[in-house]
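What follows is a single structure, written as structure tokens, with notes after it.
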Amino acid sequence: MKNIFIISIALSIFIPTMAQNGPTDTVATHELNEIIIKGERPQIKGKDGIMVVDLPEIVKDKPVTNILEALGYLPGVVNNNGSIGLSGASSVAIIINGEPTAMPLQNLYQLLYSTPVDRLKTVEIMYSAPAKYHLSGAVINVVMKTPQPLDGLMGQATLDYNQAHYASYSGGLNATYAVKDWTFDLNWSLNRSQSYNRQKTFSNHFLNGNYHPVEDDMSQIGRGWNNLIYVAASYRKLKLTYNGQITSGIRNESLSSGTFGDFRNLYKGLSPTNYHNVAIRYETPFGLTVGGDYTYYYENRSQNLFKGNTEQINSENRQCVNRWHACLDQEHSLGIWTLGYGMDYQHADDKSSQSYRFPDAPGFGNTLREDVASVYIATQASFPWGLSFNASASAEYFHNNYRHNWNIIPQLGATFYKTPKSIFQLNLSSERVYPSYWELHGGSSYINDYSMILGNPALQPYMNYSGQLSYIYRQKYAATLYVLYADDYSVQLPYQSTSDLHLIFQTLNLDFSRTVGLQLHIPFDLKNIWNATATFNLYHARQKSNNFHDLSFDNRRWGVYIGLNNSIRFTPTCPLSLSIDATYMAGMIQGAGRMDPLWKIDAGVKWQFGRKRCCELVLKANDVFNTCNPVLNIKFSDQDYRMKTYGMNRYIKLSFIWRFNDFKPKNVPDIDISRFGTGK
């Protein structure tokens, strides 16, 4: 996308020419014109089926201040209001420095949001993650820079102001320090969040031979303080980390008005929500890596539902999760081959309960125990004629209170190229996706007299299978053909009951979900002033269920995603840069539902100033015209439902960043998909 550097070499070459003109010699002098060598640093490299992306260079002129925002500029990655997705993959996990640990997705996003973009070294996109990461399917590996003892104490302080419907504030501090064989890292942030969204629903409910129109206009307001801290200490090959998040002052309130009257639904945190994770990792000199971690999660909240001034529901939910995890990995180098094998074990105790003070309704209180154990064998090789690959097979055993099963999970990632001009990559993978702990308890919560959310103890994990064939041209342009298939795919959908006048939101297993598509990534630039990246994703999606409550559906549709990211810098050394991004999406489905087309325009400006440009001021406007508001339509059999949202993505954010001691960078932690929370 960008010309990375221009080297100018001025050569004055004098060529003596000897001529005999009587008794004197004449020397003629010739000067060549300036020679300019113009080059580009590769944006995308490939090896072993992995795309290695020079993300710091891609986003250097973008109005981004943290890693979470920067990830949205990766090839194929979509940052939907802070939620990261990867086109061509059903889901994606994010790890940091290749070190797998357990961290809820919300905590990881908060950590990446509070980590400065200057910490980035590179980013690896793996459509089929090698088994040594103990994660199946697609993975984004964020690789950080490592501090050196001569760097001293380095760091960055950040202040953010975010104005959406309500204002939110945050501040953070990041620091690294290295001395002899020790390195230390600190990441701390405090965020006062205030959220708002509004949705209108229309349900034409068919019951007893008649249609009953039900309308509702609901506004939801959320508030809370999020305190996140990450601390790491490393001594040579030994690393100890702690990451935690404490959320206090939780108050989520919804106000609705419609056919069934006026309702006020209040969720309050009766105590701060706690997440704590401690991990240790050691790499031996002979290729053995030993790791383990312990996670504690606790949540206690209440629900009070009022109709007018009359209280209808008074309940309390608790969740306490203790989870232990350990893994072993061994690698041997055998010439051009690498042989790896290892094991992974995880045990979780989820003690959850739901009780009602009013009305007299049954709740639950039990312990859900879960064990997941796996072993794998893997191989990796690079051949001089252009092929490199990694392949593995894992045998996994899953057991909880309701079921147990064995799974064989294969994985392959391969790259072929003779020259960097043309690179081919093939990825094949599978993964088992598990439901959240809370859903398996079968708890319930109420939105109003008409709508309710139900858990599902019968919910089963489902298998994701995926394949991607990518072509990378000139280490810059990329095209990916992909196929995704999810067997027993699960999704939460609304259902108009055929036995009474209730709308039920519940996560159910469908027969399958299948998506076939082609994605294009095309960067271009104009004299280092205008840099742009175009993304095009055309796909066909299908989701089918023969047992959706008492109904069946087969929903299939063509869809498209088009994105254009633009950055403008008036001169190569100008401290001011502008950004304008446009997005269009159409053809999205969710179970039996279909989404209306969406589009939005984002804009931003970044100003660098101070000594050695140690300060930055960034102003960003997201969804400038307030057009990116999803509309869901469900219409099949006798089901007729529509939901329209308002003001979901529009905000203006002002950020101030100050770096001290020529802040460079270092490490942090990592994650997989979160399964915590009581489903509020």
Side-chain angles (χ1 to χ4, degrees), residues 55-56 59-73 79 81-82 84 94 96 103 106-121 123 142 144-145 147 151-164 166-177 184-195 224-232 243-247 575-577 579 602 604-622 651-669:
L55 187 58
V59 302
K60 70 176 184 179
D61 296 330
K62 307 292 185 183
V64 299
T65 61
N66 57 74
I67 292 178
L68 184 63
E69 293 175 334
L71 292 180
Y73 293 92
N79 188 336
N81 201 28
I84 300 298
I94 303 175
I96 302 178
M103 178 183 281
Q106 180 184 1
N107 290 55
L108 174 77
Y109 283 167
Q110 180 69 19
L111 178 64
L112 293 175
Y113 181 80
S114 61
T115 304
V117 71
D118 285 343
R119 286 178 170 244
L120 271 178
K121 180 179 180 181
V123 176
V142 179
M144 303 288 187
K145 300 175 184 176
D151 294 331
L153 177 65
M154 303 179 299
Q156 172 175 296
T158 306
L159 292 174
D160 291 325
Y161 170 79
N162 190 319
Q163 180 64 60
Y166 295 111
S168 297
Y169 317 87
S170 64
L173 175 66
N174 296 267
T176 65
Y177 181 70
F184 301 92
D185 192 47
L186 169 68
N187 186 320
W188 171 80
S189 66
L190 180 64
N191 175 35
R192 168 57 170 170
S193 62
Q194 298 187 96
S195 63
W225 286 92
N226 299 306
N227 189 0
L228 182 143
I229 186 169
Y230 169 82
V231 181
N243 62 80
Q245 183 172 7
I246 300 175
T247 306
L576 197 68
S577 60
S579 176
D602 303 332
V605 58
K606 179 166 72 172
W607 177 39
Q608 298 172 308
F609 61 97
R611 183 175 177 269
K612 295 184 180 181
R613 295 189 178 179
C614 64
C615 298
E616 285 185 6
L617 200 60
V618 179
L619 179 64
K620 183 177 181 180
N622 192 71
Y651 65 81
I652 296 176
K653 186 176 77 171
L654 180 65
S655 301
F656 171 75
I657 303 99
W658 171 58
R659 302 179 186 89
F660 55 89
N661 197 16
D662 293 332
F663 180 63
K664 299 184 184 77
K666 157 81 184 130
N667 314 9
V668 197

With sequence neighbours excluded, what pairs up with [X] under the ring-ring contact (aromatic ring centres under 6.0 Å, His included) test?
X: Trp188; result: none
X: Phe656; result: none
X: Trp225; result: none

What are the two closest non-hydrogen atoms of [X] and [Y], and how far apart are they?
X: Gln163; Y: Tyr166; result: NE2-C, 3.6 Å
X: Leu159; Y: Gly171; result: CD2-CA, 4.2 Å
X: Ala70; Y: Leu120; result: CB-CD1, 4.4 Å
X: Asn226; Y: Ser193; result: ND2-OG, 3.6 Å
X: Pro116; Y: Ile67; result: O-CG1, 3.7 Å

**side chain to side chain contact (heavy atoms under 4.5 Å, CB included) between Thr115 and Met144, worked out** = CA-CA 10 Å; Thr115 304; Met144 303 288 187; 4.1 Å; yes

First locate atom [atom1] of [X], then atom [atom2] of [Y], and finally report the distance between them rounded to the nearest 0.5 Å.
X: Asn187; Y: Ile229; atom1: CG; atom2: CD1; answer: 9.0 Å
X: Tyr109; Y: Leu71; atom1: OH; atom2: CG; answer: 9.0 Å
X: Arg659; Y: Gln156; atom1: CZ; atom2: CD; answer: 5.0 Å
X: Thr158; Y: Asn66; atom1: OG1; atom2: CG; answer: 8.5 Å
X: Lys653; Y: Ser170; atom1: NZ; atom2: OG; answer: 7.5 Å
X: Gln608; Y: Leu617; atom1: CD; atom2: CG; answer: 11.5 Å

[X] side chain near [Y] side chain, heavy-atom distance below 4.5 Å:
X: Asp185; Y: Arg119; result: yes
X: Asn243; Y: Leu228; result: no
X: Phe660; Y: Leu153; result: yes

**Asked** Can you list the steps and then say if Asn191 with Gln245 is a side chain to side chain contact (heavy atoms under 4.5 Å, CB included)?
**Response** CA-CA 11 Å; Asn191 175 35; Gln245 183 172 7; over 6 Å; no

**Request:** Tell me, with the steps shown, if Trp607 and Leu619 meet side chain to side chain contact (heavy atoms under 4.5 Å, CB included).
**Result:** CA-CA 9 Å; Trp607 177 39; Leu619 179 64; over 6 Å; no

**Prompt:** Between the side chain of Gln194 and the main-chain N/O of Ala167, is any donor-acceptor distance below 3.5 Å?
**Reply:**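 Looks like yes, one N/O pair under 3.5 Å.
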
**Message:** Given 3.5 Å as the limit, does a donor-acceptor pair link the side chain of Lys606 with the main chain of Lys60, or not?
**Reply:**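 Side chain of Lys606 to backbone of Lys60, a donor-acceptor pair under 3.5 Å: yes, one is there.
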
**Request:** Using distance alone, with no hydrogens and no angle criterion, decide if Asp160 and Ser655 have a side-chain donor and acceptor under 3.5 Å apart.
**Result:**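 Side-chain D/A pair, Asp160 to Ser655: present.
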
**Asked** Is the number of heavy atoms from other residues, nucleotides or ligands under 6.0 Å of Ile652 CD1 greater than 12?
**Response**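 12 or below, so no.
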
